[in-house]
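This is the structure I have questions about; it appears just below.
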Amino acid sequence: MEFRELPPVKEQIMKCVRCGKCRELCPVFGEIGIENASPRGHVFMVQMLRDGKVEPTSEVYERLGQCLMCETCSANCPSGIDVHELNAAARAYLTQNNPNRGKDFLYGNFWTKPELMKQSIKLASLAQRMGLQKLARNIGLTRLLPGDLKDAEKILEHIPPRSARSTLPAFTPAQGGTKYRVGYFLGCGTDFLSPEIAQATVNVLSRNGCEVYIPEGLKCCGLPHIANGKLDVAQQLTIHNINLFKKLNVDYIITDCGSCSATLTEKNLHFVLQGTTYQEEAADFAARVMDLTVFLVDVLDIQVDVHTDRKWRVTYHDPCHLVNAQGITAQPRELLRRIPGVELVEMPQAASCCGGSGTYSVTHHQVSMQILDKKMSNAVSTGADILATCCPSCIMQLNFGCRRSNWDAEVLHPVVLLDRVYQQAPAAV
Amino acid sequence: MNNLDIKKELVKMLGPDKVLTNDLDLMYYSYDSSFLTKLQPATPTAVVLPVSTAAVQQVVRFAYENGINIIPRGAGTGETGGCVATEGGIVIDLSRWREIVEIDVNNMQVMVRPGVIHADLNDELAKFNLFFPPDPGSSKMCTVGGMVANNASGLRAVKYWTTEPYVLGLEVVTPTGDVIITGGQQARCIKNVSGLNLTKLMVGSEGVLGIVTLIRLRCFPRPMARGIAMAVFDHLDDAPATVLDVYQAGVLPSGIEILDGSAIKAVNDFKPQINLPDAEAILLFEVDGNPPGVEFEGQIIKEVAGRRARQVEWSTDKKRMAELWEGRSITATAAARVRSDGSRIFAGEDISVPISKVAEVLRAIRALGDKYGIKVVNYGHIGDGNVHCAPVINPEQPHEVELVQKLVDDIHLLAIEMNGSTTGEHGVGAARRGYAVLEHGPAVEYMKKVKAAFDPKGIMNPGKLF
Ligand SMILES: Cc1cc2nc3c(=O)[nH]c(=O)nc-3n(C[C@H](O)[C@H](O)[C@H](O)COP(=O)(O)OP(=O)(O)OC[C@H]3O[C@@H](n4cnc5c(N)ncnc54)[C@H](O)[C@@H]3O)c2cc1C
Ligand code: SF4
Ligand code: SF4
């Protein structure tokens, strides 16, 4: 669909009253303090693009690209503007006008092919274990990378050797009778960066009476593509995934990644699929998609009757894509409370962004680290020994934050802790 | 001096990280919240982001020597184009200068730099059981410097008045590049009648007399308790009448706010959990003070308002109070929700009229809206006669823009005719300067003389106020 015809561009820009409420809420503006980094500024610039007052140049992309898509502005705009959607629409338009071969390969090719990604992750992990990264650093290869990438690459340390999909079966039966047929939307972050979450998710779902299906050929939810101006690719991925799950005919489509579930909401799919005939199917698909913690608490209403002598002081970080995009705050906390041995302590500003946002911590390293440091000081103040959150991208960033702030808390998804407790008392089959 | 040289000099002076020179970056400073700058954005020659008095002074001296306009800017939440370079020049963005220099608890005052956000200041003061009472709807985004320059007030002006009485002294960089301290060079006192009151002159001067770089503010002890009464009316006219009834009953609430039927709908649409009742109007009365006093006054309001209202809800529950107060605070922007293809505009949005005439004015505004076929959402600080009108139009339809400008003009004229003012708190800026003579007559010439005394070259925020 043509940029100017996209519904947010057509309908929402004029609704911005430029009140500035979003300025102070934006984590990026909070660090940069210049109007070109504020959500209000982004809406303005998208308008300038639409009206042809500025050319669709890479300079404009740079300004809009400062946004890390946390959706805080959109969730709080009294006029109801989806600032992040406007930004995504503009990025797609700008990308069309500024072709970039690296980006085309990364988002148009690499990130659409799970096999290719798996192989590369294997390689990366191998390289790490063999110390090649250190070697590359020593011979100055990393100097070829822009400025702070040298530091940024450290975030990607500890890439697990095997992806979740290479170890998990396509089907896992329910234990103790089937309550639901569940499709597991195993996102890229969980798959490649935190495979232990995937294992725990499958274990916990199965233990609580769910048959778990991981569809063969499942692809990325499309969020990295939306955020990087590849809306067309996101559209193809979405359609592919919808068709895949249609065949499975499951009751629920569960994901443990806040970003995936946010991308698969009806509202977001409506945005991604505009101009296609898939809107209706998307609505049906989206109606089945649910965040894992919501499913465990609201649908299964699990009670964890397992005894443990362990005690954990846990604090919870709200991933932007759960709190802002979906308003989910209660269920992850409730799930943690239901885990025996957990004492939940709130950190100040639990809902403020961690600055991770996928590749943002690499592409905008300095700002990302400033945001992270604020998050960490709030988290550390709780004296917790576990920092829980429901998004693999946040987990990666917060892990790095722990290392940066010399804090030895463990960062994990609540389901991993739950699974750990379950493992102490295997279910009667 | 050409624009390129100006930019070069500024970069040399402050360093590249404190100057914006790229055309694209400058465009972002072509607007504030006003409708005026939506229609007529004005891009500055350069933007500087100083965080020291010396840096501000350097820029001002440079501008003075070269006859270049300078325009101070806070968060750009003003609604009059006040911080926009409508006649070109250098914008001095002070919003990154966020230092709370000192909280002097023993003397009940605080020293802040201009970029401190109002809500952040009160969060800090709360730690010392103090507060800075003026409470604009833009509390979470506007700067204290902007509040001083606009003499902002807001929801609690009924009892606590505007910013002005709290400003004890200021550090100001004058348009000639001098640095002066008003209110006594070394003073830490609260009462002070020595000398001509330059502090008062500066407060509300909208950046046309100088740049405020340090603000000494008086603080009050934080009230121990609060309560909110919500009165629901089937007839709009009953709301202003009830305000007078409550005053007559001997109660001075800390805030009295009105939302008309369409404002109620807008709030409920944005935050359904606030769940305001469907009605022609609601009034929110806030009472603060000591706990028994709050309860006592709350009951009086309940009884008095109940005579005309369909229903009165009295609450001291923190969550409910926060919801109701937030509901009112967000109305300004949420008003856009009453029309799916519309946006509220900030124009004609701030008239102030005698309390006795509020009902008449609200009726007249409704009639004007009907005349032009434009939906107008009304809300505001009814307790002091400050009515906020939010015309909701599709700003991309030229005929609607044309009509709304006529409507806005009529609203401003109505205010003057009703013995009021075109603006109660948002200021004049560029948007309302055309009414200066009508409102003030020959006094405008004296305003100009005062400005000329400070600003002989006329470089300081020109094109504003008159
Ligand atoms: C949604 C919304 C609700 C609002 N509610 C209220 C309300 O309830 N009450 C109210 O009074 N106002 C309200 N306002 C208006 C506005 O927020 C206030 O006038 C505020 O004080 C402006 O602050 P700012 O930092 O945004 O200033 P700006 O808009 O940046 O500037 C305002 C004026 O001050 C001048 N200025 C700024 N800083 C300095 C300085 N350091 N030295 C000298 N001059 C300076 C500028 O040149 C300009 O003329 C509201 C605005 C919005 C968008
Ligand atoms: S996007 Fe929303 S919150 Fe931000 S300036 Fe526009 S109307 Fe205000
Ligand atoms: S999505 Fe987040 S980072 Fe982007 S503009 Fe909005 S608040 Fe800022």
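The shown structure was predicted, so the numbers you read here are calculated from the model rather than taken from an experiment. Below, chains carry the letters A, B, ... as their sequence lines are ordered, and counting in each starts from 1.
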>> Is it the case that over 12 heavy atoms from other parts of the model lie below 6.0 angstrom from the CD atom of A/E2?
In response: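 Above 12, so yes.
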Using a plain distance cut of 3.5 Å, could you tabulate donor-acceptor pairs between chain A and chain B?
from  : atom 1 : to     : atom 2 : distance (Å)
A/M14 : O      : B/S343 : OG     : 3.2
A/K15 : NZ     : B/A336 : O      : 3.2
A/K15 : NZ     : B/R339 : O      : 3.0
A/K15 : NZ     : B/G342 : O      : 2.7
A/C16 : O      : B/K38  : NZ     : 2.5
A/R18 : O      : B/S33  : OG     : 2.6
A/R23 : NH2    : B/S95  : OG     : 3.4
A/E24 : OE1    : B/R98  : NH1    : 3.1
A/E24 : OE2    : B/R98  : NH2    : 2.8
A/I32 : O      : B/R96  : NH1    : 2.7
A/E35 : N      : B/Y29  : OH     : 3.1
A/E35 : OE2    : B/Y31  : OH     : 2.7
A/N36 : ND2    : B/D25  : OD1    : 2.7
A/R40 : NH1    : B/G76  : O      : 2.8
A/R40 : NH2    : B/A75  : O      : 2.9
A/R50 : NH1    : B/E396 : OE1    : 3.2
A/R50 : NH1    : B/E396 : OE2    : 3.1
A/R50 : NH2    : B/E396 : OE2    : 2.6
A/E59 : OE2    : B/N22  : ND2    : 2.9
A/R63 : NE     : B/D25  : OD1    : 2.5
A/R63 : NH2    : B/D25  : OD1    : 3.4
A/R63 : NH2    : B/D25  : OD2    : 3.3
A/C77 : O      : B/R337 : NH2    : 3.4
A/P78 : O      : B/R337 : NE     : 2.6
A/P78 : O      : B/R337 : NH2    : 3.3
A/S79 : OG     : B/T333 : O      : 3.3

> Looking at A/I32, A/I34, A/V60, which makes the most heavy-atom pairs under 4.5 Å with chain B?
Replying inline: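 Option with the greatest count: A/I34.
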>> Between B/L49 and chain A, with a heavy-atom cut-off of 4.5 Å, which part of the residue counts as in contact: side chain, backbone, both or neither?
In response: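 Side chain only.
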>> If I measure from the heavy atoms of chain B, does A/V54 come under 4.5 Å with its side chain, its backbone, both, or neither?
In response: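 When you check distances to chain B, only side chain atoms of A/V54 fall under 4.5 Å.
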> Among A/C22, A/C19, A/G20, who wins on heavy-atom pairs under 4.5 Å with chain B?
Replying inline: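 Highest number of heavy-atom pairs under 4.5 Å: A/C19.
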> Given the options B/A336, B/G76, B/C142, B/G342, which has more heavy-atom pairs under 4.5 Å with chain A than any of the others?
Replying inline: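 Winner by heavy-atom pair count: B/G342.
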>> At a 4.5 Å cut-off on heavy atoms, which part of B/I330 comes close to chain A: side chain, backbone, both, or neither?
In response: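 For B/I330, backbone and side chain are both near chain A.
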